[in-house]
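Values below: all heavy atoms of this structure, side chains included; hydrogens, waters and symmetry mates excluded. Reminder, nothing fancy here: chain letters follow the sequence lines and each chain counts from 1.
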Amino acid sequence: MREPILTARDVTREYAPGQGCLGVSLDVWPGEVLGIVGESGSGKSTLLRLLSGQESPDSGTLQFIDRHQTVWDLCSSSESDLRYLGRTEFGIIHQNPRDGLRLRISAGGNIGERLMGVGERHYGDIRAEAEKWLAEVEIDPSRIDDRPAVFSGGMQQRLQIARNLVTHPKLVFMDEPTGGLDVSVQAKLLDTLKRLVHDLGISVVIVTHDMGVARLLADRLLVMKSGQVIESGLTDQVLDDPHAAYTQQLVASILQVN
Amino acid sequence: MSELTGYNFAYLDEQTKRMIRRGLLKAVAVPGLQVPFGGREMPLPYGWGTGGIQVTAAIIGDDDCLKVIDQGADDTTNAVSIRRFFAKTAQVATTEVTEDASIIQTRHRIPETPLVSGQILVYQVPIPEPLRFIEPRETETRKMHALSEYGVMHVKLYEDIAQFGQIATAYAYPVMVNGRYVMDPSPIPKFDNPKMHQNPALQLFGAGREKRLYAVPPYTDVVSLDFEDHPFEIQRWDGVCELCGADDTFLDEVVVDDQGARMFVCSDTHHCRSRRGEDA
């Protein structure tokens with residue numbers, strides 16, 4: 001039926017021999033959440049940067065199909081095209097919200113920046129949209145003029161999500177979105193994310209080392225080790241019936257609280 | 001004024017002037033683009049007009065007539081000093097009359113008298129980069145200019161309205177030049193922004209500390225950024241100039257005694273004086 005919106009074939013980026021991301025192939029389908037799990041240094045974040053065009057691969061091909069069915073070859077696109085895609089089609093949610101927010105600009109300005117970046121020039125509309133999105137991520141809209149610096153960690157992360165989703169991107173990349181948050185805030189954030197992803201029908205590539213997050217959010221899972229994908233499949237399948245020795249260890253390492 | 005020996009015409013050596021002229025040609029060719037140049041040490045501190053004075057030195061000739069204003073006034077320290085500097089080093093004629101000047105070096109005002117074709121307005125610029133407030137990295141701001149990524153300029157205006165209910169930026173109000181580059185018009189009041197649009201005079205900008213040149217050629221579109229529902233507006237005053245009675249000029253508030261008494265007068269001294277018939 002439909003085509004994958006992002007197709008990667010043999011994507012390689014080596015920082016040193018054997019380090020980085022080695023010959024990874026994957027597809028991201030419309031509306032699905034693809035989880036990437038693996039240990040530190042296994043190339044998860046590198047893969048995410050490659051997929052989102054923040055870094056270009058040494059070899060391999062990357063193809064993206066945007067909302068107008070235009071096919072982009074991300075490896076040969078110009079920097080200006082990649083930045084355009086980054087503003088319109090992609091969303092990038094950093095682990096540390098301080099990397100993804102402008103801390104000296106009010107929450108409303110943070111959400112409005114992407115709108116203004118794609119040419120919105122009506123103050124009233126921008127503000128209404130910002131209020132709507134604050135409510136959407138469960139931040140009190142009366143805090144629209146507060147700077148993110150005075151927000152709690154969980155609120156900053158939710159603001160970062162609102163700021164990315166305001167232009168309705170087709171594909172959102174998340175790098176450990178729940179890292180550094182306490183468990184109850186994590187749960188709330190995951191609820192919000194799950195709802196938004198479902199409602200908007202966006203595709204998500206999420207990098208995490210938290211198996212709980214992966215099980216809750218991801219439809220499909222890739223397991224990475226030493227820069228390569230060693231196992232992939234439906235999340236429940238991978239987590240309930242792991243084949244690779246490393247995946248078995250990984251699953252066994254989840255704390256069972258009974 | 002007595003001739004100064006031991007210095008080249010207009011203080012700078014010819015090589016430096018050529019270098020600045022090359023930069024100016026590029027700046028005129030690409031309106032609004034910031035062109036780097038090898039700024040020299042000048043015999044006055046940064047922030048006092050080192051950029052403007054180098055541009056003036058590079059373009060001034062024997063037959064030029066120079067006017068220098070500081071916030072519209074011909075008679076303040078900065079204006080008087082720079083005027084005397086060129087009278088001494090280049091033996092050029094100087095004037096306070098806007099119509100008579102071929103080169104006008106200005107610190108943060110555009111004369112009220114409309115400029116004509118053939119005149120050159122030289123601005124002194126402290127911070128040439130309009131994106132600096134939001135992006136401290138020079139590599140990044142250059143990339144943003146190259147790719148016309150100007151969405152963030154409106155973030156500043158958005159913040160103004162969110163905080164003050166209106167666009168509170170009153171000077172250094174960002175403009176779009178020739179539909180391509182966003183430019184900092186130097187800290188002129190936004191009252192003067194409309195005068196830059198389609199101006200018959202050549203407008204040159206020099207930033208000495210940041211070592212950047214940029215230009216607006218004659219008859220170029222200069223549009224102030226704004227929102228559809230918060231259009232660009234210039235300042236208005238309730239009163240009129242208390243010396244000449246003008247109601248359409250930029251007014252300065254002047255404290256006149258130690259009892260707190262104050263009056264509003266034209267900031268452009270030549271314009272005010274000529275309206276009162278005191279012009280020589």
Engineer: Does any heavy atom of chain B fall under 4.5 Å from the side chain of A:Leu115, the backbone, both, or neither of them?
Structural biologist: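 Looking at A:Leu115, nothing touches chain B.
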Engineer: Relative to chain A, which segment of B:His230 carries a heavy atom at a distance below 4.5 Å: side chain, backbone, both, or neither?
Structural biologist: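 Side chain only.
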Engineer: Any chance CD of B:Glu233 has more than 12 other-residue heavy atoms, nucleotides or ligands included, within less than 6.0 Å?
Structural biologist: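 Check fails, neighbour count at 12 or below.
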Engineer: Against chain B, label A:Arg87 side chain, backbone, both or neither, depending on which of its atoms sit under 4.5 Å from a heavy atom there.
Structural biologist: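 Only the side chain of A:Arg87 comes within 4.5 Å of chain B.
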Engineer: More than 12 foreign heavy atoms under 6.0 Å from OH of A:Tyr84: is that the case here?
Structural biologist: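 12 or below, so no.
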Engineer: Should B:Glu159 and A:Arg104 be marked as a side chain to side chain contact (heavy atoms under 4.5 Å, CB included) after you check the CA-CA gap, both sets of side-chain angles, and the distance that decides it?
Structural biologist: CA-CA 10 Å; B:Glu159 290 290 290; A:Arg104 302 175 63 179; over 6 Å; no
Engineer: If you take all heavy atoms of B:Ile134 and A:Arg102, which pair is closest and at what distance?
Structural biologist: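 Smallest heavy-atom distance, with atoms named: O-NH1, 3.4 Å.
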Engineer: What pair of heavy atoms forms the shortest contact from B:Ala162 to A:Asp145, and how long is it?
Structural biologist: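 The pair with the smallest heavy-atom distance is CB-OD1, 3.5 Å.
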Engineer: Looking at NE2 of A:His122 and CD of B:Glu228, how far apart are the two atoms once the value is rounded to the nearest 0.5 Å?
Structural biologist: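 The distance works out to 6.0 Å.
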Engineer: If you count every heavy atom of other residues, nucleotides or ligands that lies below 6.0 Å from A:Arg147 atom CZ, does the total exceed 12?
Structural biologist: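 Atom CZ in A:Arg147 is not packed in, count stays at 12 or less.
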Engineer: Would you say CZ of B:Phe133 has more than 12 non-hydrogen atoms from neighbouring residues, nucleotides or ligands within 6.0 angstrom?
Structural biologist: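 More than 12 heavy atoms, drawn from other residues, nucleotides or ligands, come within 6.0 Å of this atom.
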Engineer: Under 6.0 Å from the CG atom of A:Leu196, do we count more than 12 heavy atoms belonging to anything else shown?
Structural biologist: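 Above 12, so yes.
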Engineer: According to the interplanar angle, ranging from 0 to 90°, do the rings of A:Tyr123 and B:Tyr158 count as parallel (below 30°), tilted (30 to 60°) or perpendicular (above 60°)?
Structural biologist: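 It falls in the tilted class, 30° to 60°.
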Engineer: Please determine whether the number of non-hydrogen atoms from other residues, nucleotides or ligands lying under 6.0 Å from atom NE2 of A:His168 exceeds 12.
Structural biologist: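 Atom NE2 in A:His168 is packed in, count exceeds 12.
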Engineer: Against A:Met116, only a single residue in B:Val155, B:Val152, B:Leu157 fulfils side-chain contact (heavy atoms from CB on, under 4.5 Å); can you say which?
Structural biologist: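 The passing option is B:Val155.
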Engineer: With a sphere of 6.0 Å drawn around CG of B:Asp238, does it hold more than 12 non-hydrogen atoms of other residues, nucleotides or ligands?
Structural biologist: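 No - once you tally the heavy atoms of other residues, nucleotides and ligands closer than 6.0 Å, there are 12 at most.
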Engineer: Between B:Lys156, B:Met153, B:Gln163, B:Glu149, who has the most heavy-atom pairs with chain A when the cutoff is under 4.5 Å?
Structural biologist: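 Most heavy-atom pairs within the cutoff with chain A belong to B:Glu149.
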Engineer: Look up atom NZ in B:Lys143 and atom CD in A:Glu79, then write down how far apart they are to the nearest 0.5 Å.
Structural biologist: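 So the NZ of B:Lys143 and the CD of A:Glu79 are separated by 4.0 Å.
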Engineer: For B:Leu147, is it the side chain, the backbone, both, or neither that has a heavy atom closer than 4.5 Å to a heavy atom of chain A?
Structural biologist: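 For B:Leu147, the contact with chain A is made by the side chain alone.
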